[in-house]
Every structure is written in C-alpha cells, then in structure tokens.
S.K.: 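The structure is given below, and queries will be raised subsequently.
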Amino acid sequence: MAAKPPYSHRDPMLKKRDDFEDILEERRNSSDLRYALKCYTPVVYKGVTPNAASLLKTTVLQSDQLHYVVDQLSKETGVAADVIQEEASAILEEMAHRQQLSTVRFFAFTLSKAFKALFRSIHVNEEGIQRLQQAIQEHPVVLLPSHRSYMDFLLMSYILYTYDLVLPVIAAGMDFMGMKFVGEMLRMSGAFFIRRSFGGDKLYWTVFSEYVKTMLRNGMAPVEFFLEGTRSRTSKSLTPKLGLLNIVMDPFFKGEVFDVSLVPVSISYERILEETLYARELLGVPKPKESTSGLFKARKVLSEDYGSIHVYFGQPVSVRSLAQGKVNRCHFNLMPRHIPRRPSDETQCFVNDSAYSLVRAQEENMVLKPWVLLASLLLQNQSQGLLLDELTEQAVWLRGLSREYGAFLNWPDHMAPSEVVSSSLSLHRDLVKISGGRVQLALGGQAGPRQPCSSPITEEELMNQAVVVLSCTSYRNQALHVFLRPALLASAIHIATSAKKEEVYNSFSFLRNMLSNEFILCPGATLQDFEEACYLLGKTGALQMSQQEMQVTDSGQKTVNFLTAMLDPFLQGYQVVCRYLCEEATEALTEKQFIPAIRTFIVRLILAGSLRYYELLSSDLQKNALAALLRLGAIRKIKVADNVTLKVNRLMVNSLEDTLGGKLPTQKAVAARL
Amino acid sequence: CAECCAAANTQGILQEIMKWNGWGYSDSRFLFNKKGQAEFTGKRYRLSGMILPSLKDWFEGTFGASLQHKSPATVSAIYIYFFNAVQPPTLNEAFVEDLKSVGIPFSHDAEDRVFRAHGHCLHEIFALREGKVGRVPDLVVWPNCHNDVVKIVELACKHSVCLIPYGGGTSVSSALECPPEETRSIVSLDTSQMNRILWIDEKNLTAHVEAGIIGQDLERLLNENGYCTGHEPDSMEFSSLGGWVATRASGMKKNIYGNIEDLVVHIKMVTPRGVIEKSCLGPRMSTGPDIHHFIMGSEGTLGVVTEVTMKIRPMPEYQKYGSVVFPNFEQGVACLREVARQRCAPASIRLMDNEQFQFGHALKPQVSSIFTSFLDGLKKFYITKFKGFDPHHLCVATLLFEGNREKVLQHEKQVYDIAAKFGGLAAGEDNGQRGYMLTFVIAYLRDLGMDYYVIGESFETSVPWDRVLDICRNVKERIIRECKERGVQFPPLSTCRVTQTYDAGACVYFYFAFNYRGLSDPVHVYERVEHAAREEILANGGSLSHHHGVGKLRKEWMRETLSNVGMGMLKSVKDYVDPNNIFGNRNLL
C-alpha cells in the first residue's frame, strides 16, 4: 500500500462551497411550453468526431474488442462466429439508448409541471454548471450523481437541458424496461439499459463495455451512472460498485483519450418521494415491481409537499491527476489493447480508492436540512421525546457542532431557530407528533417502544412503528458522514480498556474495520481517519490529548454522548447478528434464509423488551453485518447443491460480539505505527 | 600507414565555417530584415537569399512573439575565449608529452575545447548564447588514422585520462557534455581527420570508409564513383559515419537502403581492451549474438569506431518528389499504415499534422510571377472549397520515389491509388520537394526563434501502428497542458509528424516551441515539459528513442526500458571492455 499523505488539518469549516440558484423560479414565471421548445444548442467536446452518434452501434459491432471475444467464444463453444455476432447485435439492440430531442422536450414540459407541483424549489450551484460546461469541452465527462430516488436521472437530464448542456446517456437498470411505455420513453431520453447481473457472460460484458467506451472515446455525450449501483434505501451512501468506473477509466489507462473528467454530483432531497416505500422494503415487504400502472398510482404523491431539492455539481476530478504516480500505464504496452485482460492489482486498488473518494466527494456536498438534525435528536430520545424548547435548544447546539465538522448545512440563519424547527416539523408531520409541547416520533398509539408498563404490542403494530423509525433514520443517516469519524473515535474510547492512545487506536481500527461495509470508509485510510477524528474532537474541546493518553473533557461529555448514541444502534445491530449466529443458527442456515431468520429473531427480542432499537429490523444493516462477517472470515459460504449455506466460526463470532460490546479488549493485531 | 600520416593537417576546417553558438554554417541564417520580412542568408541552400513573406505573420501569430521583443545572444565568441569564461585546462602532462612524442596533433585552445563540449540540445545552445560554459574538454586530439587512435587509447589507459570521442557534434541527447564530476583530464578525440574512403569493392557493392567522414562528403565522394550509401539522416551535412554507428542512426530513405544496422557489414573499434572486429565480410553470420550490436548504440562508452565497411548502391537513375493532401491526420495515418501493410513505401514518406502543414506554408518563398501565385490560389480553392477540406484539419504527406524511371512511375501510381482510398489528393511535386528541403533548414529556424524569445526542440519515438494516433494526440496535449501549468504565458507550438514507417509501427517526431517572455528560467521550464512529454510517450507505448539515442538526457528511463537484467548485461560489457572507464562520457548507463 502506497503511503498516504497524512491527514492535513484543514479546517472543514473553511470548505468553500458555491451558492445556489433556484431553477424552478423561472419555470413559475414563464411558459413551460416555450421552455420545452427553446432553441437547444449545447457546446460539445472539442474532439467529438462527426457522425459519431449515428455510427455508434456499428462502431461497437465492428470493434476489435468485440471481434476478438466473438472469435474466442466461437472457438470455445463451436458456435459459428456470425451466430455469436448476431447475439451481440441483439444485446446491443436491447441495451442502446435512442436519445431524441423531441422526447427530451416532452420530458422538459411534463417534468416542469410535475416538479412545480412536487417541490418548492430545485437549487443548483451554477458555478458547478459552468465548471461542467468547461469540462465537457475539454475532455470526455462522466457524471456521477448520488442515488436516492427514481427521480435522480430525470432530474439530472432536466437540469442539463435547462442549462443548455449536452444531455447525458445514462446507465439504467434493466428493471425499468419492465415498464413498457416508460422504458421506451426513458430510452429516448438517453437511458441505456444493463442487466443487473451478467457475471460470467463475456459477450454481454464486452458489448456493454465497448458501448460505454465508444461513447467516451468519441466524446459524444457525458456518460452518467450511479457509483452506488442502486438507490440507497437508507440515505446512507452505499459502498461503491467498481464495474462501470473501471470501464470509464480504461480508455485513459490505455491512452485512447488524454483524460476523463469525473464529476460527482450530490442530489439532496428535503423529503424523499419513496420515503415509506423504502422503509417497508427494508422491513421485508418486497419492493413493488416497477410497472407503468404502479407509477400512475403514485400520482397521489403529486398532491404532497416534498420541500426542496439541492443539486450540487462538484469539482470535476481528472482521472489523469488521480492516477498520477499510482497507475503505471506502461502496463498495457506489451499486449494489443483490444485483448481483454483483468486489471492489475495496482489498477484495481486505484479504482477502488478513487471510487471511495468520489463517493466521499458526493457526501461532502450533500445539503443537510435542519430536519436531519432534528431527526437525529428525536431518534436518540425516542422514549420520552423532547419538549419543543428543548429540541430547539439541542438543535442549535447540534447546528454548531455539525458546522464545526464541516457539514453543508442549509439552516436559514435569518429565521428564529424556533421557527426553523417548527417549519421542519410541519413538513415531516407524518413522522412526528406534538402533544403537550412534547415532540415525539409518531409511533401511533400511546405506546412508546420502551415504556415498561405498556401492554405488549403485536408484531403488526411493531412493524408499523418500525416504518416510522426507519423513515426517520433515513434522515439521520444523511448526517452520518459528518459525524462518522468522531463518532467512531468516541465509541472507541468507550470500549477501549484504557485511555492509552494506542489502545484507543486499536479499538478505533477494530470498529472501523467492522463497520466498513456499513459506511464509506476508504480502505487503508485508518490512520488518516483516526487523525481526522482526533482533530475534530480536539478542535471542539471534547477531547484532551497528551502524548500517550486521550481523555474526554467534562465539557465534551455531551458531544461524546451524542456521538456514541449515534453509532450505538449499529454496534448493537452487529452484536445481535453475532448473537443470533452463535445461539440460534443451525448448520443448515442458507444465505437466503438469513434475512428472514434474523428478522424473526430481532422481532422476538424487541417484543420481549430486551432490545430497544427498531432500526435493527432494517435488512440493510443485517446484510452489511453479514458481509462484514464474511469479509473477516468469521463466516464462510459453502455451496451445497443449489444452496449456499453459511458456516459459522462460533468462536470468532463470539469474540467479535464481545469486543463490540466492550467486553473483550481489541486484539493487538491492528496496531499500526502511531 | 605512410599515406595517412602524410595527410594535410586540416583540423578545424568545419569549425571555421560553422557557428559556435547555433546550428550549421555561419553564413546561413534566418533573419528579419529592415522591412520586417524574413529571409535566409547565404548561398548554400535552395532557400538561400530568398524572402519568406508569410513567415513573420506565422511566427508572431503562432507564438505571440513580436519583432519588437528581441533576445539576441548576449555574448560574442571573443568574450568567451579572451575573458577567461572557460576554465583553464587540467592537463595530464605525461599524457601530453607522450602524445607529442608519437606526433599526433592536439590543442588546448579555449575555442577548440568549447566547440567540442556540446551537442545541439536546447540547453546547450541557450547556455552558449548567454556565455555560460561549464566543464569542457581539457585537450582536443586529432588522430589521423586507426593506428593513431590505437596509440591514443593506449596512452589514455596508461595515464588515466578520460576520452570522449567527437564526430560531427550534432548530438541531441547531451551525449557530448563533459560529466562535471570527472576529475581526470578530459580529452576530446576528434575523428574529423579520418575522413577517407579507403576502398570501394564494386563486385560486392561495399566501401571501406574511415569513421570520421562527414555524411555529405561520403555521399559526394561515392557519387563521383557512381554510388551512394542512401543513408541520409537529417543531420547528414555535419554528422559523421562513426556517430551514426555509435547512436544507431536512421536515415530518411531507410525504406530502400535500411537503417545503419542494415548498412554496416564490418566495424573496427578501438577499446581499452584492444581492437574489436569480425574476421570476414560475410553478409550475415550465425556466430552468437552479433557483436556489432554492442558497438552500435554504445554512444562512445566502449571505444572509438575507426573504420566501417558498409554497403553501397548504384546511384538511383531517377528521383521524383510528390505530396498528398488528406482531409485530416487520422486519414493520413490510416493511409501510411496501409502503405506499410502493402510494403510499398517509397524511399521516404512523411506525414505532417495540420500545425506543421501551416508552418511549412509559412516557409514558402516569395513567388516570382503572378501566374504562380494565381495557380497557388486556384489549388487552395480546389482543395478547401471544391473538395471541402477544412484548412484547420487537413494535413499533408510528402513523398520521395527513387529508382528506375519506369518502376518509379508505377510505384507512384500504386501509392497515389492507396492515398485516394483515404481521401488523399495528389498535391504536386513542388510541395514534396519543398518539404524535404525544409528538413535541412528547419534547424536554422530555432536560432531565429531564440533571437525573439522563442525556444524549442524536436524529439522522437517509435510506436506500434495502433497507437500512433493516440500517442500524437496525448503527447501534444500533454505539452500544451504542461506549458500552461508551468507558467508559459503564450500557447506553445506543439506539433508532430510521422517520419518513418515500418511493418509493425512508425517513427513519430514531435516539435515543440514556446515564447518564453515572462519566465525567469525558460530552459528549466523547457526541460520539465520535455521530461513530461517523454513520460507521456512511454506511458502511451512509445520507445525511449528511435534514433537520437539516450545520451545523458534520457538515461533515467533506461532501466525500465531494458529491465534489470538487460541493464546488467550492458553494464557487464562495459565493465569488461572498459574497466577503468576511460571512455567516461557517462552516456547510456
């Protein structure tokens, strides 16, 4: 692992960010029709080859890359090459976009209407747009928006159309194609469709990667895809998928283009359209299959108020500068470039690191609404709730803290804090209730989750309450990236056996490693993260550090408590998963059974009153915990016939559980040079 | 060796008619006359004495330079030689005594020493223009024949002096720079007196030649007998046969005659271990690794090449120039690739990119008649308006056919037919001929630039066919970007051409120049940009050098180029042949 530059103590508060413009404002004041029919003449990439768009499919089908793979497959399988070539042609037909301006104009018109009905405003940083425009002219551009809603890619295209920029072509999941009419509409607005899984299918992979690369090499249009691979149902960023990033970087590695600009885009919704849908999905109500009629049913959402959207176009990242000194492009010198080969370890490591830093760039520029802070506070005070004044006071305190930590907080400073709080609460009135001046999550009935003398609730009630809690956590989760590192440190101090710096670092490293499927934690950056956390906690006076020891100050207790409480549900969740695996799991537990089984287990514990966090019911957390245990080797997958069973190393799982609970000291194994 | 010892002492003849701080002959140079028109002085070239009306506009437009802003060389030669700018020589007295006793001419004049202390890298010439002289040889010797060289090398070993062979002095790899850390006396071994053709064998079509002969003399003398070598590197007016061998040179017409490694039949080299040569003149041998390949490209680190037997050919009966205009560079490259595939490349085929095409245009001399200018206008109209070529994308290939008249015409048709398939239009003999003539005067142009705050240089690489377009685009772009990042105030000239075709790839030349007004250390900036460009070349699958060699300029990349074992092989040869590093120019390894 190449030595990383140590964390530079750049004050996150000083982060410079652009101002926003509301693009809906003009829509409210002028004709949508005229807007949809406006003269649209975007600037294009300087190296764009004429007629490239019309030749796209032919170029792909005639590429050396494809020919090579077709020949190879033909030799392997004995199927005639032209049959395979036909197959490739069919794959491409199924995949390719058919962008046309008329459809785009149709969307421009209808989306204007829909957006105005749904949202109060759509804020865009215009400086980011200018940077993008510049980037588009100079190099092939890849747009990397965050993914929280179906809305995302229509919104992106809408914005680019509004600013007269080249419309992107978008990698979309095949499930959209299920919606016959809409699927075709999306295709005509620039989406191309990829199958969700095509692991071993060489032909599919080749057609797909050539299609993307051809568009990039010719610089016809920005390519857009979601690093997170799918919509995050939890509003936490998902650990990045590397496939497409690998593909778009490849033309640079091979010298086919001078550079590629990657533009992270952060789309923040004040209220997510799919809010409760996601919560239900996470609780095990299967996601409704995308269908056109389903979409029309969603029409009732049009009557609701979804607040505002902020779209922040980040600084374009040059792949060339990223790769400087990290990737040796000479690697490709000794073989024809059209012969497919696995990326070297060095390259894979680089793509992985880049992916993480890009997702972090997305996180950094996510706009946080006051409600995010309120949700965090309310979740920590689920049982009693908070008095309105109390809540306001705490929110103001948290506002200060989050700003110190560099959050991109959109708090209207010209308004009185109490006003801010009440207007936030009213926008999210589905999730909170105010009774007797006390603000609480709207869990229905009088029964708070932990009230000891309340009558036992049914499983159905429990699930309904969990929907509210999970909806609420999806807002808190938006702020997690701000507090994550200090929170890891606070929890590490909590579970460490002593205040010795080395001990704390070991615990920090353990927790970080344990939770790295859960949060965006760049692999290999433990020390950097640790230093960042120390810096932030030290800066706010919550932590006193000497050469050897770290001590929480009296004044810092509040901060540390808040931070530990933020992370606590996750630590509890992982422990419960461990506990289940040790106590309940049978030898025959299959991978498929895992989620339902653990869910039943947790429901039981909650109903019995021995577990208080409803959010542990989230299948996301459960899956992540499983993935972490697999990664750490505490569980192994064993293939038995058609099933994959999970083989549990009970000793290891048990010790992980105890370490998470602070009952066992962190192993020395993680000690690194401090 | 009575004959050779009787030779006249003509050392320094070239030195007297050549510039001391620029390229080529003293009487030939570009200048802007009082009317602000460019002209080329002297009588030696076709362009000599001509006015170049469009050069000024091109020059000012391309570089943002102005005739008002001059940056002439600050010092004259006199300053250097008489005002002690040059360090006094560190002489090895015993060596000098022995040299006297064997009767080999030598000199320690400052002028002679400075003249042999540099090649033609930008930094070398720039320093001279500013009167900066670093470590220079302490002594210059002029051996007259192979035996003289044997004596000198023996004496050098005996008295522990460092020898640096010097041929034509046209190196562009810092190969002639004296290592500043060298503490021994440095002796420049000038081969210019070993300039005879010793015999011509018409039955086998070979000639045995002393290695100090300069390219143009060799060609002229052979021509007098009806023969030629056909080896024409761009530097052939000044570079020597020994230099070609020592750097693995390549000639413009290699498609017919081959590169130096194809031309050489036998080499004699004097090393500290003794003389190395093969025992016969067989045209090919299977006798282990070819020892010629230790010598070719050794860049003066192993010994001095003294005599070479090389192939000769009857002079071509007929020569014809030609040119083709392509709508864009991509088409041009595709055409060259096809020509190479069909193995029908003419003696020379070169493809210039658009920037270079425009540059070539700026060097068009004033036309004498209204009729020619009318014709030019008509041609331009035809290509740009009628054929729809974009003047900012079109590019031109220049061609040279050689041989039997009938075959040349047939060959010409074949090539033009291929060109037509790639949208190429024949653009006449004149354009072609002018293109080749420019090869020789282009080096003079750098001196003109340096008078007006413009510095630049060219460098080359070889690359597989499928990467030619990518490498051209990426390296040109890298140059532009690096210039910007390093504070160059004006957009640079960043252009390239494909100069040689092979079965498996091509040789690409990059030209790069910029206006350095406003920079405190322009040479440093230049070097950083060139360094970045070389990294880019290597990252794009290009070679470290096609024919300029490594010298000291490109040494740092040798290990990754050759692998550790490869470096070890070369090192062990050096250690065996020259254990005391007598040939201590420190090139290559």
Side-chain angles (χ1 to χ4, degrees), chain A residues 45-52 55 59 62-65 67-68 134-135 137-140 213-214 216-219 249-261 316 318-341 344 346-347 350, chain B residues 327-331 333-334 337 353-354 388-390 392-393 423 461-485 491 494 496 504-505 508 531-544 556-563 566:
Chain A
Y45 172 51
K46 66 177 178 201
V48 72
T49 34
N51 308 327
L55 293 174
T59 315
Q62 289 174 357
S63 65
D64 295 338
Q65 284 80 350
H67 280 172
Y68 181 84
Q134 189 66 34
Q137 289 172 66
E138 282 172 6
H139 302 295
K213 286 185 211 169
T214 307
L216 271 184
R217 284 186 210 119
N218 297 334
M249 284 181 164
D250 196 59
F252 165 74
F253 295 147
K254 289 184 176 161
E256 293 162 345
V257 295
F258 182 76
D259 200 354
V260 174
S261 296
S318 141
V319 176
R320 176 174 279 267
S321 336
L322 270 185
Q324 176 83 44
K326 292 193 186 132
V327 176
N328 183 359
R329 286 184 286 156
C330 296
H331 184 63
F332 294 97
N333 283 358
L334 296 180
M335 247 170 102
R337 289 173 294 175
H338 66 264
I339 296 181
R341 60 196 292 204
S344 65
E346 178 194 65
T347 313
F350 166 73
Chain B
N328 56 46
F329 191 63
E330 289 76 10
Q331 294 281 61
V333 171
R337 204 280 160 267
D353 69 0
N354 183 263
F389 285 17
D390 179 346
H392 296 289
H393 283 121
T461 186
S462 57
V463 65
W465 276 116
D466 71 313
R467 287 177 171 272
V468 170
L469 283 176
D470 290 331
I471 207 170
C472 290
R473 179 194 53 242
N474 291 349
V475 173
K476 288 199 288 187
E477 173 104 33
R478 179 75 183 264
I479 288 172
I480 292 169
R481 192 191 265 214
E482 291 284 334
C483 280
K484 204 169 168 188
E485 277 170 17
S494 172
C496 69
V508 179
H531 188 272
R534 182 58 61 182
E535 303 250 88
E536 192 65 31
I537 287 173
L538 298 176
N540 283 275
S543 64
L544 190 53
E556 60 172 296
W557 291 290
M558 274 297 270
R559 190 168 290 277
E560 65 180 271
T561 301
L562 299 184
S563 80

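Just so we're on the same page: letters track the sequence lines, and every chain starts at 1.
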S.K.: Only pairs of heavy atoms separated by less than 4.5 Å count here; which of B/Arg481, B/Glu560, B/Glu535 has the most with chain A?
M.R.: B/Arg481

S.K.: For B/Arg473 and A/Gly255, which heavy atoms make the closest approach, and how far apart are they?
M.R.: NH2-O, 3.2 Å

S.K.: Between A/Arg217 and B/Asp470 (salt bridge meaning N to carboxylate O under 4.0 Å), is one present in this structure?
M.R.: no

S.K.: Would you call B/Glu477 and A/Arg320 a salt bridge, using N to O less than 4.0 angstrom?
M.R.: no

S.K.: Between A/Asp259 and chain B, with a heavy-atom cut-off of 4.5 Å, which part of the residue counts as in contact: side chain, backbone, both or neither?
M.R.: side chain

S.K.: If every non-hydrogen atom of A/Asn333 is compared with every non-hydrogen atom of B/Asn540, which pair is closest and at what distance?
M.R.: OD1-C, 4.1 Å

S.K.: So what's closer than 4.5 Å to chain A heavy atoms on B/Arg478: side chain, backbone, both or neither?
M.R.: both

S.K.: Restricting to non-hydrogen atoms, name the atom on B/Arg467 and the atom on A/Lys254 that form the minimum distance, rounded to 0.1 Å.
M.R.: NH1-O, 3.8 Å

S.K.: Tell me if the NE2 atom of B/His393 is crowded by more than 12 foreign heavy atoms within 6.0 Å.
M.R.: no

